[in-house]
Asks: 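Structure below; questions to follow.
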Amino acid sequence: MALAGVRVIELAGLAPAPFCGMILADFGAKVIRVDRTRVAMAMDTQARGKRSVALNLKTSEGVAVLRKLCIQSDVVLEPYRKGVMEKLGLGPEELLRDNPRLIYARLTGYGQSGSYASAAGHDINYLAMSGLLSKLGRSGEKPYAPLNLVADFAGGGLTCAFGVVLALLERTMSGKGQIIDASMVEGAAYVGSFIWKSRSIGMWDRCRGENMLDSGAPFYDTYQTSDGKYVAVGAIEPQFYKQLLKGLGLDAEDLPPQMNFSDWPELRRIFTERFASKTQAEWLNVFEGTDACVTPVLSFDQVSSHPHNQQRRSFIKDLQGEESPRPAPILSRTPAEPCLANDPIIGEHTRLVLEEYGFRRAEIDQMLATGVVECNAAKAKL
């Protein structure tokens, strides 16, 4: 796999950092999640392919163990607020002195500098600060966040993983590591670069929810069918719009012009009535094989059974039968090989990992006895 041989230490966190770690693990990196001791259950639902070590970082011995793990690894991924790792004596300056090749990725909401650097927040806050939230929502309604996808995962975890891969590539030339300051505000804004840069051509001149790509256009929206299901329509270009009208049994001569903003409400009314006259399956049969850009709105329970997704094996099941998306993109020679085993429990691999990093058995036994580390390998076999 593309990242085979890369060692990653991931400090346990929520959502964005675990996603970043899972991406790296899916593509071959050896990711070790460092958990706290005396925690009943891991909150990481994106632990695929990772191993877990449980350390008590409230002890100097636990901090020393983490230091040794970090300086013998290629990447450290930390999701804490600014200053937390420095208080432990494990900030990037300290660790890079011991291992100049180390890549130290810091994934936070607001970044490592600025007046909000130490502030709490979640995806909706970062999305708001990026400017993008102001563009999301229906006409006449308040802005709404599209799940916690844009800042947490696109602008956060995925962007951070991209930064890690860039730093690994650059290290092959310089031989040096570096610090990655991944801000979810900036990552979300960067993901939205098209929105920013297309303002100059008038694509966003109208109010929220009244532009072509934000649900304002009737030919770029979702419609309910007679069976209560939905279809998605994205017939922007004239040739695609023509096929949409043909499938709907409508004549362009009898309709308002496609790009006349003032007539969009009437056009939407006509489309709404027409789509409500057949079931989703009937409409899909009508548009099958056309370029009308009409697709079903599939539920999580339906996606893996769709013929296209089946043909590409776009979704996988782990050993427990839980379904999730296959890693993307697909590399021709070194594709991802996602682990299908159960996610690790906290401390499941403590002893194994510490031995790999040079700790003697007697040392590990002593740390287990004093609560510096925790091993739950026996529970994993129950």
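Heavy atoms only: backbone and side chains are in, while hydrogens, waters and symmetry mates are out.
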Asks: Considering only heavy atoms from C-beta outward, does the side chain of Val53 approach that of Val373 to under 4.5 Å?
Replies: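 Val53 vs Val373: side chains apart.
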Asks: Where is the tightest heavy-atom contact between Gly62 and Leu57, given as atom of each residue plus distance?
Replies: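 Of all heavy-atom pairs spanning Gly62 and Leu57, the closest is O-CD2, 3.7 Å.
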Asks: If you round to the nearest 0.5 Å, how far is CG of Asn211 from CZ of Phe261?
Replies: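 With rounding to 0.5 Å, CZ (Phe261) is 7.0 Å from CG (Asn211).
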Asks: Between the side chains of Glu374 and Arg38, is the shortest nitrogen-to-carboxylate-oxygen separation below 4.0 Å, so that they form an ion pair?
Replies: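 Glu374 and Arg38: not salt-bridged.
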Asks: Within a strict 4.5 Å, meaning less than it, do heavy atoms of the Leu250 and Phe271 side chains meet?
Replies: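 The answer is yes; the side chains approach within 4.5 Å.
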Asks: Any salt bridge (Lys or Arg N to Asp or Glu O under 4.0 Å) pairs touching residues 199-211, not counting sequence neighbours?
Replies: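 Salt bridge (Lys or Arg N to Asp or Glu O under 4.0 Å) check on residues 199-211 returns Arg206-Glu210.
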Asks: By the rule that ILVMFWY residues connect when side-chain heavy atoms come within less than 4.5 angstrom, directly or transitively, which residues belong alongside Leu298?
Replies: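 Leu298 shares its hydrophobic cluster with Val303, Phe315.
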Asks: Using modelled atom types and a 3.5 Å cut-off, is there a donor and acceptor pairing between side-chain atoms of Arg313 and backbone atoms of Arg326?
Replies: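 Between the backbone of Arg326 and the side chain of Arg313 there is no qualifying donor-acceptor contact (under 3.5 Å).
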Asks: Counting only heavy atoms not in Lys68, do more than 12 fall under 6.0 Å of its NZ?
Replies: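 Counting other residues, nucleotides and ligands, NZ of Lys68 exceeds 12 neighbours.
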Asks: For Phe287 and Phe275, take the angle between the two ring planes, folded into 0 to 90°, and tell me which bin it lands in: parallel under 30, tilted 30 to 60, perpendicular over 60.
Replies: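 Geometry flag for Phe275 against Phe287: tilted rings.
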Asks: For the atom pair CG (Asp26) and CG (Leu3), what is the distance rounded to the nearest 0.5 Å?
Replies: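 With rounding to 0.5 Å, CG (Asp26) is 10.0 Å from CG (Leu3).
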Asks: Is Met259 atom CE crowded by more than 12 heavy atoms from other residues, nucleotides or ligands, each under 6.0 Å away?
Replies: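 Result for CE/Met259: enclosed.
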Asks: If you measure from the Lys or Arg side-chain nitrogens to the Asp or Glu carboxylate oxygens, is any gap between Glu273 and Arg269 under 4.0 Å?
Replies: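 Here Glu273 pairs with Arg269 in a salt bridge, since their nearest N and O are under 4.0 Å apart.
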Asks: Give a yes or no on whether the backbone of Ile124 and the side-chain of His122 come within a donor-acceptor separation of less than 3.5 Å.
Replies: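 Here the side-chain-to-backbone pair does not exist.
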Asks: Do you know which two heavy atoms are closest between Pro265 and Ser262, and how far apart they sit?
Replies: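 The answer is CD-O, 3.6 Å.
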Asks: Check whether any side-chain heavy atom of Cys70 sits under 4.5 Å from a side-chain heavy atom of Tyr104, and report yes or no.
Replies: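 A side-chain contact under 4.5 Å is absent here.
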Asks: Just verifying a value: how many Å separate Leu319 CG and Lys317 NZ, rounded to the nearest 0.5 Å?
Replies: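 Spacing of CG (Leu319) from NZ (Lys317) equals 12.5 Å.
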Asks: Ser130 versus Trp196: any side-chain heavy-atom pair under 4.5 Å?
Replies: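 No - every pair of side-chain heavy atoms lies 4.5 Å or more apart.
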Asks: Using a 3.5 Å cut-off and no angle test, enumerate the donor-acceptor pairs between side-chain atoms of residues 9-24 and protein atoms at least two apart in sequence or in another chain.
Replies:
from  : atom 1 : to    : atom 2 : distance (Å)
Glu10 : OE1    : Lys50 : NZ     : 2.9
Glu10 : OE2    : Lys50 : NZ     : 3.2

Asks: Return the minimal non-hydrogen interatomic distance between Ala42 and Arg33, and the atom names on each side.
Replies: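 Closest approach of Ala42 to Arg33, heavy atoms only: CB-NH2, 3.7 Å.
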Asks: Indicate the atoms forming the closest heavy-atom contact of Gly131 with Ser134, along with that distance.
Replies: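 Result for this residue pair: O-OG, 2.7 Å.
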Asks: Any salt bridge (Lys or Arg N to Asp or Glu O under 4.0 Å) involving residues 215-239? Give me the pairs, sequence neighbours left out, ordered by first then second residue.
Replies: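 The answer is Arg138-Asp221, Asp221-Arg268.
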Asks: Out of curiosity, Thr108 OG1 to Tyr116 OH, how far, rounded to the nearest 0.5 Å?
Replies: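 One finds 14.5 Å between OG1 of Thr108 and OH of Tyr116.
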Asks: Step through the shown structure and confirm whether more than 12 heavy atoms of other residues, nucleotides or ligands are within 6.0 Å of CG on Leu149.
Replies: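 Atom CG in Leu149 is packed in, count exceeds 12.
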Asks: Do Tyr223 side-chain atoms and Val233 backbone N/O form a donor-acceptor pair below 3.5 Å?
Replies: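 Not a single qualifying donor-acceptor pair exists.
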Asks: Looking at Ala54, is its backbone amide N or carbonyl O close enough to the side chain of Thr37 to form a donor-acceptor pair, meaning the two atoms are under 3.5 Å apart?
Replies: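 No, the answer is negative, given that no donor and acceptor are paired below the 3.5 Å cut-off.
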Asks: With distance as the sole test, does Asp214 use its side chain to make a donor-acceptor pair with the main-chain N or O of Gly209 at under 3.5 Å?
Replies: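 Between the backbone of Gly209 and the side chain of Asp214 there is a qualifying donor-acceptor contact (under 3.5 Å).
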Asks: So, does Asp74 use its side chain to make a donor-acceptor pair with the main chain of Arg7 at under 3.5 Å?
Replies: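 Yes: the side chain of Asp74 pairs with the backbone of Arg7.
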Asks: Under a single-linkage rule joining Ile, Leu, Val, Met, Phe, Trp and Tyr whose side-chain heavy atoms are separated by less than 4.5 Å, which residues share a cluster with Val297?
Replies: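 Members alongside Val297: Tyr230.
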Asks: In Å and rounded to the nearest 0.5 Å, what is the OG1 to CD distance from Thr295 to Gln280?
Replies: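 CD of Gln280 is found 9.5 Å from OG1 of Thr295.
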Asks: Just how far is it from atom CZ of Phe194 to atom CE of Met203, taken to the nearest 0.5 Å?
Replies: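 So the gap between those two atoms works out to 4.0 Å.
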Asks: So Ile179 and Gln112, do their side chains get closer than 4.5 Å, heavy atoms only?
Replies: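 With C-beta onward as the side chain, the pair stays apart.
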Asks: Any chance you could lay out the salt bridge (Lys or Arg N to Asp or Glu O under 4.0 Å) test for Asp98 and Arg67, step after step, and finish with the verdict?
Replies: CA-CA 9 Å; Asp98 293 333; Arg67 174 185 291 275; 3.0 Å; yes
Asks: Give me the atom names and distance for the closest heavy-atom approach of Ser183 to Gly109.
Replies: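 It is OG-O, 3.4 Å.
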Asks: Report, one line per pair, each donor and acceptor closer than 3.5 Å where one atom sits in a side chain of residues 152-168; sequence neighbours left out.
Replies:
from   : atom 1 : to     : atom 2 : distance (Å)
Asp152 : OD2    : Asn148 : ND2    : 2.9
Thr159 : OG1    : Ala154 : O      : 2.7

Asks: For Leu352 versus Arg51, what's the shortest heavy-atom pair and its separation?
Replies: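 Minimum heavy-atom contact is CD2-NH1, 3.7 Å.
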Asks: Should the heavy atoms of other residues, nucleotides or ligands under 6.0 Å from OH of Tyr220 be counted, would the total exceed 12?
Replies: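 No, because the 6.0 Å sphere around OH of Tyr220 holds 12 heavy atoms or fewer from other groups.
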Asks: Please check if the side chain of His349 supplies one atom and the backbone of Ser52 the other of a donor-acceptor pair under 3.5 Å.
Replies: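 Indeed, once roles are kept as given, a pair shorter than 3.5 Å links the two residues.
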Asks: Indicate yes or no for a side-chain donor-acceptor contact from Asn376 to the backbone of Ile346 under 3.5 Å, with no hydrogens or angles considered.
Replies: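 Looks like yes, one N/O pair under 3.5 Å.
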Asks: Does Met41, at its CE atom, have more than 12 non-hydrogen atoms belonging to other residues, nucleotides or ligands within less than 6.0 Å?
Replies: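 For Met41, atom CE is not crowded (no more than 12 foreign heavy atoms under 6.0 Å).
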Asks: Would you call Asp365 and Arg360 a salt bridge, using N to O less than 4.0 angstrom?
Replies: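 No, no charged N to carboxylate O under 4.0 Å.
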Asks: So with a 6.0 Å cut-off around CD of Glu322, is the heavy-atom count from everything else above 12?
Replies: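 Counting neighbours around CD of Glu322, 12 or fewer heavy atoms of other residues, nucleotides or ligands fall under 6.0 Å, so no.
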Asks: Could you check whether any side-chain heavy atom of Asp263 comes within less than 4.5 Å of a side-chain heavy atom of Pro257, counting everything from C-beta outward?
Replies: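 Yes, side chains in contact.
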Asks: Main chain of Thr279, side chain of Ser226: is a donor-acceptor contact present, judged purely on distance under 3.5 Å?
Replies: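 Present.
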Asks: Can you find a heavy atom in the side chain of Asp343 that is under 4.5 Å from one in the side chain of Asp44?
Replies: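 No, every pair of side-chain atoms sits at 4.5 Å or beyond.
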